[in-house]
2 protein chains.
Amino acid sequence: MTKQTLASTALTPISDVDGTPLYRQVKRALIQLIENGHFAPADCLPNESVIATSLQVSIGTLRKAVDELVAENVLVRRQGKGTFVTTHNSDRFLFQFFHVERRATDLSQAHEYPDVECVSFEKTKASEEEATALGLRLGAPVYRIANRLMLSQRPVVLDRLCISQAMFHGLTQAQFTNRTSTIYNLFQQEFGITVLRANERARAVPASLDASRILGIAPKLPVLEVHRTAFTFGDKPVEYRISTINTQQHDYVSLLSKRS
Amino acid sequence: MTKQTLASTALTPISDVDGTPLYRQVKRALIQLIENGHFAPADCLPNESVIATSLQVSIGTLRKAVDELVAENVLVRRQGKGTFVTTHNSDRFLFQFFHVERRATDLSQAHEYPDVECVSFEKTKASEEEATALGLRLGAPVYRIANRLMLSQRPVVLDRLCISQAMFHGLTQAQFTNRTSTIYNLFQQEFGITVLRANERARAVPASLDASRILGIAPKLPVLEVHRTAFTFGDKPVEYRISTINTQQHDYVSLLSKRS
DNA sequence: CCCAATTTGTTCGTATGTATA
DNA sequence: TTATACATACGAACAAATTGG
C-alpha cells in the first residue's frame, strides 16, 4: 500500500493567527498540501493521530476538518485502510455533474457508459463568452475541443469544451483520443488539476446545423444545451463546456437527491 | 420565543437493539418525533443537553445526529437561539430545487420572485405516469393543478402538478389561489407534509399548443420540460410535477455548487 | 484460519468560546 | 449583565474494518 511517511510531508504546526476556527485552518492547511503536490491524488495521508500531533491540534479537531473535506469530495476515508486524496477515475465522477440517462421504462440499466469520439481539436483564441467563463482576457490562447458521446451505439451528446492553453500546456489530440478514462481524470493525471465542483445552466434550443449533423438529427429539433463551468481549488475556473443533448430518448438528470 | 417543554415531548431513552450506530438511532428517533407531530415545523427543540440526557446519549452523539439532520434540511441550528424544525417559507426553499434564472448579463438580480397564477384546478384520476410516480394505483383520485409563473411580468414557466387526494384531503382552489407563500409551505402548514428532497429529469421538447398559448410563445418553440417527483420522510412521494419553461431569456440552474 | 497490527468509526465526557435575548 | 444555547476544542477508550503474517 502507498503510505506517506511523515518525513516526506510538510506537516508543520498551524500558526493560529486570525479568529477563524482552528479546524478550518487545519482544512486550509490540508488543501494547501494537496495543491502544492505534497499529497497527490490517490495518495494515502498519514494516519489521523500523526497529522493531529504534527499540526499540534487534537484528533477531534483534525477529524472535523477531514469531515468537511470528505463532504467536498477532496478526501475519501476508508476504515481500516486510511484517508486518501480523491481520484476521478471512479464510476461516481463520470456521473457526478451532468448525467444523461435513458428514459428506460424497461431495463434498469442505471449507468450506461458512453463511447467518446473526438470530433475536433484546435488551438485558438478565447471568445468573449469563453474568456468570461474561464477568467481569461479576450483572445487568450485556449484549446477548443469537440467530442461526440455515443450511448447504445447512437450519438446522444455533443460536448464542446474550452480550456486554457496556459493551464494545460502541451496537451495533444493524441492524449485526448487515447485516454482510457474520463476527461477529468486526464486533467488530474497529466496536469495535476482536480475538478471539485461545477456550475451548470440548461436551456432548450433548436439544434444548429452543425450539431444536427454531428448528432444525426433534423436541424432545429429541440435539443438541450447545458453550459458548464468546472472549478478547482480556490474557485478557480478550469473548463467551460457546452453540451448539446438529444433528449428524444434520454433525460438530463440532476442529483439533488441526498437520500437519507 | 417558542420553547418546547420537556414534559410535552416524548423523549424516551433509545432502545439500542440492532448494530446500527447510536447516532443514527438518535436521528431516527428525532425524525419520528417530527413525523408524529411531537415537533412541528418552526418549533424549537429542547436544548442539546436536555435531549441528550433524555435519550440517554452523550451530547456529542446527539450533535452528530443533529449534524446529519441539518445537512438534510430537516433541522436548522441557530447559535444562541436553539435548534428548529425547518420551515419552507424561507427564500432558500423557493429556489432549492429547480431554479429558473434570468440570463442576466447586466444586473445581478440573483433571485427574482415569481408571480403565480392558478390556471386550472381539477379533481381527477391518476394517469399511468402519475400513478407510477406517486406510488398510487392507476385511476386513484388526485388533484391536477396548473400554475403559470410570471417573471418580470412575463410568463416563463407552466407548472402542472399532481398530488393525491387522500394525502391532501380537503384541498380547495381558494387555498391555492390565496396562499401567501410557496406551494411546499402550503403543504407543510395545512397538511403537515414536509418536502425534503426531489428527483428531476429535464428534456427539450417542442412546445405543445396548450403550453404555447399559456406561455405566449409560438407552438413548437423548443422549451424545457422538467419532470419532478418530490419526497417527504421515508422516501414517500408527495408530488409529481411537470414544469414547462420558456428558456429564451431564462436558464434552468442546478445547484451542484457546494462552494467551499 | 486465526491473530495481531494498523487505521478509521463511534461514543463518551469536559471545558471554554460566541451569539442571542 | 446575565442566562441560555449552540460552536469549538480537547482527549480517552473501545469498536469495526483491513491487511499481512
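Computed from heavy atoms alone, side chains included, the values below leave out hydrogens, waters and symmetry copies. Sequence lines set the chain letters: A, B, ... in the order given, protein chains first and strands last, and positions in each chain run from 1.
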Output the single nucleotide from dA9(D), dT11(C), dT8(C) whose closest atom is nearest the side chain of Pro21(B).
dT11(C)

Of the listed nucleotides dC6(D), dC10(D), dT8(D), the one nearest the side chain of Val57(A):
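So the nucleotide nearest the side chain must be dC10(D).
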
Indicate whether OP1 or OP2 belonging to dA5(D) is found under 4.0 Å from a side-chain N or O atom of Arg77(B).
no

Ignoring backbone atoms, test whether Ser49(A) places a side-chain nitrogen or oxygen under 4.0 Å from the OP1 or OP2 oxygen of dT7(C).
no

Take atom [atom1] of [X] and atom [atom2] of [N], then tell me their distance rounded to the nearest Å.
X: Gln25(A); N: dA7(D); atom1: CD; atom2: P; answer: 19 Å
X: Leu45(A); N: dT6(C); atom1: CG; atom2: C1'; answer: 16 Å
X: Phe84(A); N: dT19(D); atom1: CZ; atom2: C1'; answer: 12 Å
X: Asn47(B); N: dT4(D); atom1: CG; atom2: C1'; answer: 8 Å
X: Tyr23(A); N: dA9(D); atom1: OH; atom2: P; answer: 7 Å
X: Glu48(A); N: dT8(C); atom1: CD; atom2: P; answer: 5 Å
X: Leu22(B); N: dG13(C); atom1: CG; atom2: P; answer: 11 Å

Within a strict 4.5 Å, meaning less than it, do heavy atoms of the Val70(A) and Thr83(A) side chains meet?
no

Close residues, residues 59-68 of chain A, relative to DNA chain D [heavy-atom separation under 4.0 Å]:
Thr61(A), Lys64(A)

Protein N or O to nucleotides 15-19 of chain C N or O, pairs below 3.5 Å:
from, atom 1, to, atom 2, distance (Å)
dG17(C), N2, Gln79(B), NE2, 3.1
dT18(C), O2, Gln79(B), NE2, 2.9

Which pair of non-hydrogen atoms, one from Lys27(B) and one from Ala65(B), has the smallest distance, and what is that distance?
N-CB, 3.8 Å

Taken to the nearest 0.5 Å, the spacing of Arg197(A) CZ from Thr229(A) OG1 works out to 9.5 Å

In Å and rounded to the nearest 0.5 Å, what is the CD1 to CG distance from Ile163(A) to Leu136(A)?
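Taking CD1 in Ile163(A) and CG in Leu136(A), the distance rounds to 11.0 Å.
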
Which pairs with one or both residues in residues 53-66 of chain B pass salt bridge (Lys or Arg N to Asp or Glu O under 4.0 Å), sequence neighbours excluded?
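Sorted result for residues 53-66 of chain B: Glu48(B)-Arg63(B).
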
